[in-house]
K.L.:
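Here you go, one structure.
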2 protein chains.
Amino acid sequence: MAARREAGEGEPMLVWERPEPPSRPAPSPLSRDRIVRAAIELADADGLEAVSLRKVAAALDAGPMRLYGYLSTKEELLDLMADAVYGEIPPPVRAGDDWRGALRSLAHGVRAAGLRHEWLINLLSGRPNLGPHALAHGEASLAALDGAPGFDHIDTIMLAVGTVNVYVLGALQRQIADLRAARATGMDEREWQHAAYPYLARMLATGRYPTLARFVRDASHTDADTTFETGLDCVLDGIAARLPRA
Amino acid sequence: MAARREAGEGEPMLVWERPEPPSRPAPSPLSRDRIVRAAIELADADGLEAVSLRKVAAALDAGPMRLYGYLSTKEELLDLMADAVYGEIPPPVRAGDDWRGALRSLAHGVRAAGLRHEWLINLLSGRPNLGPHALAHGEASLAALDGAPGFDHIDTIMLAVGTVNVYVLGALQRQIADLRAARATGMDEREWQHAAYPYLARMLATGRYPTLARFVRDASHTDADTTFETGLDCVLDGIAARLPRA
DNA sequence: TATATACTCGATACACCGTATCGTACCGAT
DNA sequence: ATCGGTACGATACGGTGTATCGAGTATATA
């Protein structure tokens with residue numbers, strides 16, 4: 001937009017016709033927060049692969065290298081994005097003796113965040129996140145179970161929280177994979193309906209996967225939410241079975 | 001290696017001193033399998049981000065564009081890599097009435113493959129894999145539980161297999177994240193020991209995470225294998241609780 | 001006030017990526 | 001022997017993350 005003259009072209013640009021007093025064209029505070037927010041907006045809109053330092057910088061009216069004053073690497077930006085999402089998750093709490101409710105709220109909080117920002121699951125496959133918000137979430141998770149009836153030993157709490165977290169992570173991964181496939185259906189119907197579905201039908205029709213074919217035909221395809229809930233109940237039941245007799 | 005003359009430099013290369021009769025310097029069969037194997041070797045050695053079409057092609061003594069005769073896109077290569085790993089997993093089987101054993105073998109098979117090829121978990125976050133080997137594995141998984149005592153309804157089997165799979169996926173994701181962090185410790189001690197550990201200690205010392213600090217201090221840090229096993233038992237117990245009275 | 005110095009910033013550049021394009025060199029048919 | 005089709009791969013393009021370093025500002029000194 002700024003009709004900036006290309007440098008090094010034609011006559012040597014005279015000093016007083018500089019396009020802008022470049023002293024500080026727009027102070028443009030810029031901060032890690034603003035950068036991370038811009039990156040998250042980009043990722044939410046166009047996926048994680050659309051997050052490039054150049055695009056983020058452009059969204060903030062800055063040059064790419066400007067960001068390196070606030071970040072040392074792109075990985076750091078990704079870590080900050082993940083931690084920012086952890087900051088969105090309401091801390092799980094326990095009401096009275098309801099440890100199941102506590103673990104449920106933990107699970108639902110993480111799941112909701114993961115569905116709100118589908119790229120999160122891809123970031124969690126990297127190194128573990130130890131940002132302040134992630135730590136705070138971990139703190140709240142443990143605290144919510146601390147002292148609950150039956151959870152006398154620390155290891156019991158670790159097992160419960162760990163297993164639920166692991167289940168949520170896996171469920172997110174699976175649902176989002178399916179979701180992306182379904183999205184491809186909706187937006188690019190040709191690709192899925194003309195490629196994947198007939199492909200699957202053809203594969204199943206070969207007779208090499210008889211059990212699979214029967215299951216695809218006969219299973220009651222419940223929606224993702226209740227599938228998640230049922231699996232979560234499974235895990236909670238398993239945890240309950242490990243508790244000392246109530 | 002072929003001391004090929006740079007073209008367009010110096011005198012015009014005379015026709016009869018062409019470096020090679022380029023009719024077919026080395027027939028170099030090349031096949032999807034060979035390409036996928038090379039890519040997997042690269043990924044195993046240097047991580048998924050080291051897999052570029054250029055490097056894979058170079059490993060096969062070919063130019064980058066050569067691969068496009070066998071692949072339509074890099075994503076396709078990644079899909080093939082994932083499916084190849086599924087092909088390594090021994091199909092889960094059931095001995096007699098031991099449905100727990102069947103689910104255990106399913107879990108261990110997937111986990112072993114995921115640990116053998118740490119990049120696999122990053123690929124599974126994408127769209128669902130429907131390659132022939134993946135389908136065969138799904139077939140075997142369902143068949144292993146089909147007709148087991150208590151698993152009368154198809155939905156019960158789906159729940160069991162689905163939940164176990166989801167648990168394994170999540171556990172893999174977590175363990176590999178930790179593993180990568182630990183690896184950074186070993187190979188690049190400076191980075192972890194001088195950065196992450198003091199960082200964590202500092203964070204815990206702030207007093208903002210009292211429960212977390214206590215747990216980190218007091219918990220018995222069991223190794224990854226038994227942690228996995230314990231969580232898996234949890235899940236299996238939960239499944240058992242959903243079965244009709246034996 | 002004039003000048004020297006430190007420092008910050010961002011334009012430029014580099015190596016690498018995935019892949020579209022298309023001249024060319026081959027093969028088979030006429 | 002000539003021609004037509006085909007397939008290959010060198011070249012090129014637009015993108016990426018980030019190292020480098022010259023220019024321009026602000027500060028300290030004479």
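Just so you know, these numbers use all the heavy atoms, side chains as well, and skip hydrogens, waters and symmetry mates. Being a predicted model, the structure only gives us computed values, none of them experimental. Convention: sequence-line order gives letters A, B, ...; per-chain numbering from 1.
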K.L.:
Starting at atom OH of A/Tyr70, determine the distance to atom P of D/dT18, rounded to an integer number of angstrom.
P.N.:
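That distance rounds to 18 Å.
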
K.L.:
Got a salt bridge between B/Arg127 and B/Glu75, using NZ or NE/NH1/NH2 to carboxylate O under 4.0 Å?
P.N.:
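Looking at B/Arg127 and B/Glu75, the cut-off is met.
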
K.L.:
In this structure, how many angstroms lie between the P atom of C/dG18 and the CG atom of B/Leu77, rounded?
P.N.:
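Taking CG of B/Leu77 and P of C/dG18, I get 9 Å after rounding.
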
K.L.:
What is the distance from CG of B/Leu67 to P of D/dA7, rounded to the nearest Å?
P.N.:
17 Å

K.L.:
If you take any heavy atom closer than 4.0 Å to DNA chain C, which residues from residues 45-59 of chain B end up in contact?
P.N.:
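Those residues whose heavy atoms fall under 4.0 Å from DNA chain C, taken from residues 45-59 of chain B in numerical order, are B/Val51, B/Ser52, B/Leu53, B/Arg54, B/Lys55.
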
K.L.:
Can you measure from CG (A/Leu48) to CG (A/Leu78) and round to the nearest 0.5 angstrom?
P.N.:
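Nearest 0.5 Å value for the CG-CG distance: 6.0 Å.
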
K.L.:
Quick check: on DNA chain D, is the nucleotide nearest B/Pro64 upstream (toward 5') of the one nearest A/Lys74, or the reverse? Name the residue that is more 5'.
P.N.:
B/Pro64

K.L.:
For D/dG9 and B/Arg66 - does any side-chain N or O of the residue sit under 4.0 Å from the phosphate oxygens OP1/OP2?
P.N.:
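Yes, B/Arg66 has a side-chain N/O under 4.0 Å of OP1/OP2 on D/dG9.
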
K.L.:
Check for a donor-acceptor pair, side chain of B/Ser125 on one end and backbone N or O of B/Ile121 on the other, with a separation under 3.5 Å.
P.N.:
yes

K.L.:
Considering only C/dG18, D/dT18, D/dA10, which nucleotide approaches the side chain of A/Tyr68 most closely?
P.N.:
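Ranking C/dG18, D/dT18, D/dA10 by closest atom to the A/Tyr68 side chain puts D/dT18 first.
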
K.L.:
Looking at residues at least two apart in the chain, or sitting in another chain, which of them share a salt bridge (Lys or Arg N to Asp or Glu O under 4.0 Å) with B/Arg54?
P.N.:
none

K.L.:
So with a 6.0 Å cut-off around CD of B/Glu41, is the heavy-atom count from everything else above 12?
P.N.:
no

K.L.:
Grab the CG-C1' distance between B/Leu30 and D/dC8 for me, whole Å please.
P.N.:
12 Å

K.L.:
Go through C/dG10, D/dG17, C/dT19 for me and flag the one nearest to the A/Met65 side chain.
P.N.:
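Comparing C/dG10, D/dG17, C/dT19 against the side chain of A/Met65, the answer is C/dG10.
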
K.L.:
Would the A/Tyr209 and A/Phe215 ring centres measure less than 6.0 Å apart?
P.N.:
no

K.L.:
Verify the contact: side-chain N or O of B/Thr73 to OP1 or OP2 of C/dG18, cut-off strictly under 4.0 Å; return yes or no.
P.N.:
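For B/Thr73, the contact criterion (side-chain N or O under 4.0 Å from OP1 or OP2 of C/dG18) is not met.
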
